[in-house]
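Scope of the values below: all heavy atoms of this structure, side chains included, with no hydrogens, waters or symmetry mates. Residue numbers begin at 1 in each chain, while the letters A, B, ... track the order of the sequences.
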Number of protein chains: 2
Amino acid sequence: MAEVTAPAPAPGDRRARRRQETIEEILAIADDVMTEEGVNGLSVSEVARRLGVKPPSIYKYFDSLLAIYDALFERGQRTHLEIMRTAMARAEPGLDALAAGLAASGRWLLAHPATGQLLFWRPVPSFQPTSEAMAPSVEMVRLQRQALADAAAAGQLGAGADSDEALWVTSVLVSGVIGQAMANEPGLPWGEGRFSPLLPKLLGTLAALYPPKPSRRRS
Amino acid sequence: MAEVTAPAPAPGDRRARRRQETIEEILAIADDVMTEEGVNGLSVSEVARRLGVKPPSIYKYFDSLLAIYDALFERGQRTHLEIMRTAMARAEPGLDALAAGLAASGRWLLAHPATGQLLFWRPVPSFQPTSEAMAPSVEMVRLQRQALADAAAAGQLGAGADSDEALWVTSVLVSGVIGQAMANEPGLPWGEGRFSPLLPKLLGTLAALYPPKPSRRRS
DNA sequence: TCCAAAAGCTAGTGGGTGTAGCCATTGCTG
DNA sequence: CAGCAATGGCTACACCCACTAGCTTTTGGA
């Protein structure tokens, strides 16, 4: 658990609410600091300074600097998953859902570079996310695997697309595009620059790698 | 310049040789430290400890911690370029050279993860490589661009492959594969694991994206 | 042999994480 | 409503880090 063990979250407890608000505030400040100074520029002292408090007070809310990273990671992971899930749900199952989900993911990651780096670049080697903080990523993998299976079932891709290998290929394409965009064109939103527009084209190569049976296909 | 300004490198100067040896030793230790503690775990104090010296003495050889990073970056960049260049030169110009160069690059990067991360992940946000330290990377881009042009000229790929876009696609594929391998399967050498064996297959999709004219082609 | 440059050192500044322990405030509870 | 325990601030401190100032010793070249 990232947060210091709280007392019983009794209903109607005003103390607990205030505490929770402070925790939110700390995390929001931490996100600001990471955005401005880089993921590694986060420090308890700086957060305390911006909160108008002395550094030791922060430790009433978080056990350590790493605990703050962990909370940021866990939240980032959760909201990123949610973004992707809803984008996929809005589209036709199969390739459409995959493309929509990945585009939404990319858009969100480029808009929240600090969190994105924390989630996928591990820029703080001493920080190892908790297994529970990693849990949403398992679900994300499941969603993408399902989309590939749907695409295969719908005849958009060959049967070989319903495989772990196809999943790995997809993750390579996506992480490549997003990584290059974040590293070389920071600040540019999704859809601009040299790299993010390549994703649809690259997803198209899935059809080259796993060609569907050339029977009649839905337009 | 990373190193503190040295006296005239007069020939036969024994002092200069000793100094140079110490610089080498410091950089070797720094590489060890990064490998063990993560790129960010590098510290002047730790290097001094391992060299059997007090921290301030290090500053006789390097202006700052960042100067050490810069020297490591510059060397890494140079040897990485050399690895790639010789691998490409040994192969047939065109797709073969591209594949051979990228495979050699991947092999070297996975074998030297600390340097690899320093070169391509920027895990030390406060560290911005000197423009001269970046110079080899310009040359690397040129090599890859040339290989694509050769492939197009040889009819292995369509004319569209002789383009910046194809170069970007290539960089996405490569950085995706290497990034996933380094992040998810650290310690595994090139050719093992889930990701690095995908590179040839992915390079094959270049032919799908930039199809050659279907005239007679060299076997 | 001499001496200046090289290369070590100690001491100290300022900033970071994190701990110990103190004290005022506050809001729940008898 | 009175009291009290938990909360959330604080100061002081220990220990680490990067880096500077300035001193001393070593050393290699003239």
Report task. Find out whether A:Met134 and A:Thr130 are in side-chain contact, i.e. whether some heavy atom of one side chain is under 4.5 Å from a heavy atom of the other. Result ->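 A:Met134 vs A:Thr130: side chains apart.
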Query raised in the report: Taking only residues two or more places apart in sequence or in another chain, which ones pass side-chain hydrogen bond (donor to acceptor under 3.5 Å, both in side chains) with A:Ser43?
Result: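 In terms of side-chain hydrogen bond (donor to acceptor under 3.5 Å, both in side chains), with neighbours along the sequence ignored, A:Ser43 is linked to no residue.
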Query raised in the report: side-chain hydrogen bond (donor to acceptor under 3.5 Å, both in side chains) with B:Asp96: which residues, sequence neighbours excluded?
Result: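 side-chain hydrogen bond (donor to acceptor under 3.5 Å, both in side chains) check on B:Asp96 returns nothing, list empty.
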Which nucleotide sits closest to the side chain of [X]: [options]?
{"X": "B:Lys54", "options": "C:dG8, C:dT10, D:dT7", "answer": "C:dT10"}
{"X": "B:Val53", "options": "C:dG8, D:dA6, D:dG9", "answer": "C:dG8"}
{"X": "B:Arg19", "options": "C:dA7, C:dC9, D:dG9", "answer": "C:dA7"}

**Report entry** Pairing of B:Glu25 and B:Arg50 as salt bridge, 4.0 angstrom limit
**Finding:**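 No, B:Glu25 and B:Arg50 are not salt-bridged.
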**Report entry** Residue whose closest nucleotide on DNA chain D lies nearer the 5' end, B:Arg18 versus A:Gly52
**Finding:**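 Residue closer to the 5' terminus by nearest nucleotide: A:Gly52.
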Requested in this report: Check whether any side-chain nitrogen or oxygen of A:Ser57 sits under 4.0 Å from OP1 or OP2 of D:dG8, and answer yes or no.
Outcome: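 False: A:Ser57 side-chain N/O out of range (4.0 Å or more) of D:dG8 OP1/OP2.
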Taking atom [atom2] of [N] as reference, at what distance in whole Å does atom [atom1] of [X] sit?
{"X": "B:Arg17", "N": "C:dA7", "atom1": "CZ", "atom2": "C1'", "answer": "17 Å"}
{"X": "B:Ile23", "N": "C:dA6", "atom1": "CD1", "atom2": "C1'", "answer": "12 Å"}
{"X": "B:Asp13", "N": "D:dA30", "atom1": "CG", "atom2": "C1'", "answer": "13 Å"}
{"X": "A:Glu25", "N": "D:dG9", "atom1": "CD", "atom2": "C1'", "answer": "15 Å"}
{"X": "A:Tyr61", "N": "D:dT7", "atom1": "OH", "atom2": "P", "answer": "10 Å"}
{"X": "B:Arg15", "N": "C:dG8", "atom1": "CZ", "atom2": "C1'", "answer": "13 Å"}

Identify every side-chain donor-acceptor pair in residues 82-91 of chain B under 3.5 Å, counting partners at least two apart or on other chains, and give the distances.
from	atom 1	to	atom 2	distance (Å)
B:Glu82	OE2	B:Arg85	NE	3.3
B:Arg85	NH1	B:Glu139	OE2	3.2
B:Thr86	OG1	B:Glu82	O	3.4
B:Thr86	OG1	B:Ile83	O	3.2

Query - C:dT26 base / A:Arg14 side chain donor-acceptor hit below 3.5 Å - result: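 Looking at the base of C:dT26, it does not pair with any donor or acceptor on the side chain of A:Arg14 (distance under 3.5 Å).
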Query - Any residue meeting ring-ring contact (aromatic ring centres under 6.0 Å, His included) with A:His80, in chain and number order, not counting sequence neighbours - result: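 Expected list: A:Trp108, A:Phe120.
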Query raised in the report: In the 5'-to-3' direction, what one-character label does each nucleotide of nucleotides 14-23 of chain D receive under the scheme B = base within less than 4.0 Å of a protein heavy atom, S = sugar-phosphate only, - = no such atom?
Result: ---SSBB---
Using a 3.5 Å cut-off and no angle test, enumerate the donor-acceptor pairs between side-chain atoms of residues 188-197 of chain A and protein atoms at least two apart in sequence or in another chain.
from	atom 1	to	atom 2	distance (Å)
A:Arg194	NE	A:Glu185	OE2	2.9
A:Ser196	OG	A:Gly191	N	2.8
A:Ser196	OG	A:Glu192	O	3.1

